[in-house]
Amino acid sequence: MTQINTEPYRSMQTSGSTEPVWTHKLPWSQIPEFLSLDKDLETDIAIIGAGIAGISTAYELVKRGKQVTLIEARNVLSGETGRTSGHLTNDLDDGFLEIAKKHGEDGAKQAAASHAWARDRIGEIAEELNIECEYRRLPAYDISQFTVGEKKHEDELEELKEEAEYQRKIGLETRFDPNLTVRGWTSSIDQRGGMVADNQATFHPTKYLVGVLNWLKTQPNFQCYARTRVMDIKEKGIELLGIGHKTVEIQTEGGHTIKAENAIEATCVPLQKLSVIIQLEFYRSYCIAVRVPKGSVEDCLLYDNAEAYKYVRLTACDEKDDYLVVGGCDHKVGQEEETPRFDELEKWTRERFPQAGSTDYKWSGQIFEPVDYMGYIGKNQGCDKIYIVTGDSGDGLTHGVLAGRLLADEIDGVRNPWAGLYSPKRVGSMLKSLPSMVSHDLQINTQYKRVVQTDIEDIEDLPRGCGGVLNKGTKKPLAVYKDENGNVKQFSAFCPHLKGVVCWNHVEKSFDCPVHGSRFSKEGICVMGPSKAGLAPADEAGEKEQVAAAA
């Protein structure tokens with residue numbers, strides 16, 4: 001069954017109404033809590049966003065003796081880090097043959113080496129801090145989406161063979177196995193053969209990060225403030241040829257000012273209007289956790305070769321069973337129906353693993369795809385003191401850990417050989433990606449059609465526990481939510497970012513913007529940028545609901 005939040009307000013703890021499998025071993029109540037900022041302050045480095053990128057960067061900087069202040073708009077770990085599938089791999093989603101087309105062979109080698117470092121770094125820190133987080137090494141298998149005997153199966157195996165040869169050339173422990181099978185895949189569906197990338201890893205993401213946070217809390221040069229939303233960030237002063245001095249000034253929703261020597265936006269998407277945002281595509285991805293008897297399925301990472309590919313791993317359940325975590329079925333935010341995705345994942349799983357038992361968890365998360373496959377880590381465009389982390393391309397866990405090293409090095413003035421590959425100011429690979437950028441921009445601009453569309457004709461049409469956009473044409477569109485008791489709350493349907501009209505997400509009970517992927521809880525609270533603010537209340541009930549949810 002799908003786990004749904006039963007508490008009235010959960011938007012401070014996570015970005016959707018469904019529960020990820022990670023809460024099975026680590027409920028929200030066990031995640032550290034921090035007070036909200038109630039004063040102005042000064043710090044060496046301010047980090048905005050307390051997910052894996054923000055926490056990892058804080059760890060690396062604190063270890064180097066910097067004074068670090070971590071700021072989170074909601075509770076720590078309330079974003080996408082707690083809604084991932086927990087794969088740690090340098091067998092990157094986009095494939096190294098494709099990456100090399102944009103970044104050359106040296107760029108492909110750097111991508112492989114940097115994500116391998118991040119994969120291994122998690123294991124090192126877990127051991128150093130004695131964090132029990134299910135970290136373990138295991139192989140990754142890439143297989144065809146088609147069955148043996150189909151021409152497309154043969155074609156995809158040839159592609160995987162070529163990819164394996166290239167990966168081995170650039171330093172990965174990869175090989176092609178024409179007879180590859182997964183132990184526990186006992187159905188008659190035959191997709192054997194594929195690529196094996198050895199020495200990959202997996203873990204329990206929130207257990208790991210809670211361990212890191214608990215260590216950070218003991219450090220005198222670390223402080224953290226939750227439920228502290230940043231509304232503006234600017235560089236102040238002039239610095240030219242070593243003369244003068246720039247600092248960063250951050251304004252919070254609560255009216256407080258943070259002054260910092262440097263600031264890092266580890267917010268999934270930077271808090272800005274456009275710039276790198278137009279170089280990203282925004283996707284929803286879906287996961288289920290199905291019980292399987294312990295030892296009945298091989299402990300591996302598994303991926304098929306579909307465009308919206310399936311991905312599989314195991315995590316602990318109880319003494320008798322493990323959870324088989326199966327994900328995929330990606331689509332652009334707010335542009336397709338969400339509810340059929342879980343049925344597709346479950347059907348796929350049961351057809352291949354007949355021993356599958358109950359489906360206990362179903363959830364979704366967000367992915368940020370850069371047009372040239374590499375994320376952005378470094379100084380924001382046009383800035384000297386403000387850094388960003390975004391565009392994880394489905395590898396957000398290793399990307400976030402990697403950000404810690406790259407940003408700590410850059411702030412310390414240490415030359416890092418991987419920095420250019422991830423620089424937000426890079427040009428060459430962007431020029432190669434212009435056709436994709438133009439196509440994407442045209443596609444998202446069509447989403448402004450919702451300005452003249454309506455989801456419901458009358459509030460009476462809206463079922464309880466659901467939302468929708470009411471657009472009567474003569475008035476501004478309204479995002480309407482009717483709770484389980486029949487009470488109605490109304491908000492502006494315009495996303496504060498660039499005025500796209502939001503859509504109702506039936507799975508996560510949220511209002512999602514199909515233009516640049518901002519998301520808002522059923523109370524109108526912003527749970528995903530690039531929007532910085534929530535949906536403006538349009539009636540008294542909406543205003544009260546928003547205040548109560550944020551309390």
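The residues of the chain are indexed from 1 along the displayed sequence.
- Applying the side chain to side chain contact (heavy atoms under 4.5 Å, CB included) criterion to Val547, with sequence neighbours excluded, gives no partner residue.
- Checking side-chain atoms of His331 against main-chain N and O of Ala308 turns up no donor-acceptor pair under 3.5 Å.
- Test Arg519, Lys522, Arg83, Arg341 against Glu508 for salt bridge (Lys or Arg N to Asp or Glu O under 4.0 Å) and you get one pass: Arg83.
- A donor-acceptor pair is defined here as one N or O able to donate and one able to accept, closer than 3.5 Å; such a pair exists between the side chain of Glu338 and the backbone of His506.
- The only member of Phe342, Tyr286, Tyr323, Trp22 that meets ring-ring contact (aromatic ring centres under 6.0 Å, His included) when paired with Tyr361 is Tyr323.
- Side-chain atoms of Glu369 and Ser393 form a donor-acceptor pair, as typed in the model, at a separation below 3.5 Å.
- The structure places NZ of Lys102 at 4.5 Å from OH of Tyr373, a figure rounded to the nearest 0.5 Å.
- Take His399 and apply the ring pair (Phe, Tyr, Trp, His ring centres under 6.0 Å) test, not counting sequence neighbours, and it matches no residue.
- The aromatic rings of Tyr422 and His115 lie tilted to each other, with the angle between the two planes from 30° to 60°.
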Next item on the list: Check step by step if side-chain contact (heavy atoms from CB on, under 4.5 Å) holds for Leu407 and Glu60.
Entry: CA-CA 9 Å; Leu407 295 175; Glu60 300 293 346; over 6 Å; no
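- Between Phe282 and Phe368, the ring planes lie perpendicular to each other; the angle is over 60°, past the 30° to 60° tilted range.
- The minimum heavy-atom distance linking Phe520 with Val527 is given by the pair N-CG2, 4.1 Å.
- Side chain to side chain, Tyr387 and Thr57 fail the donor-acceptor criterion of an N or O pair below 3.5 Å.
- For Lys425, the NZ atom counts as densely surrounded, since its 6.0 Å shell holds more than 12 non-hydrogen atoms of other residues, nucleotides or ligands.
- Looking at residues two or more places apart in sequence or on another chain, you find a side chain to side chain contact (heavy atoms under 4.5 Å, CB included) between Ala260 and Thr43, Ala46.
- Distance check: Lys25 NZ to His204 NE2 gives 8.5 Å after rounding to the nearest 0.5 Å.
- A heavy-atom distance below 4.5 Å is not found between the side chains of Pro370 and Gln279.
- Side chain to side chain, Glu523 and Ser11 meet the donor-acceptor criterion of an N or O pair below 3.5 Å.
- Heavy atoms from other residues, nucleotides or ligands lying under 6.0 Å from CD of Glu33 number 12 at most.
- Not counting sequence neighbours, the partners of Lys234 by the side chain to side chain contact (heavy atoms under 4.5 Å, CB included) test are Asp232.
- Side chain of Arg74 to main chain of Thr14: a donor-acceptor pair is present (N/O by atom type, distance under 3.5 Å, no hydrogens or angles).
- Residues satisfying the ring pair (Phe, Tyr, Trp, His ring centres under 6.0 Å) criterion with Tyr481, sequence neighbours excluded, are Trp504.
- Counting non-hydrogen atoms of neighbouring residues, nucleotides and ligands closer than 6.0 angstrom, the CD atom of Gln145 exceeds 12 such neighbours.
- Rounding to the nearest 0.5 Å places NZ of Lys259 at 6.0 Å from CD of Glu42.
- Side chain of Glu235 to backbone of Ile386: a donor-acceptor contact under 3.5 angstrom is found.
- The CG atom of Asp44 lies 8.5 Å from the CG atom of Asn262; values are rounded to the nearest 0.5 Å.
- For His256, the side chain to side chain contact (heavy atoms under 4.5 Å, CB included) partners two or more places apart in sequence, or in a different chain, are Leu37, Asp40, Thr252.
- Side-chain atoms of Glu80 and Ser15 include a donor-acceptor pair closer than 3.5 Å.
- Side-chain contact, Tyr309 with Asp93: a donor N or O sits under 3.5 Å from an acceptor N or O.
- Side-chain atoms of Thr247 and Glu261 form no donor-acceptor pair, as typed in the model, at a separation below 3.5 Å.
- Within 6.0 Å of the CD atom in Glu337, the count of heavy atoms belonging to other residues, nucleotides or ligands exceeds 12.
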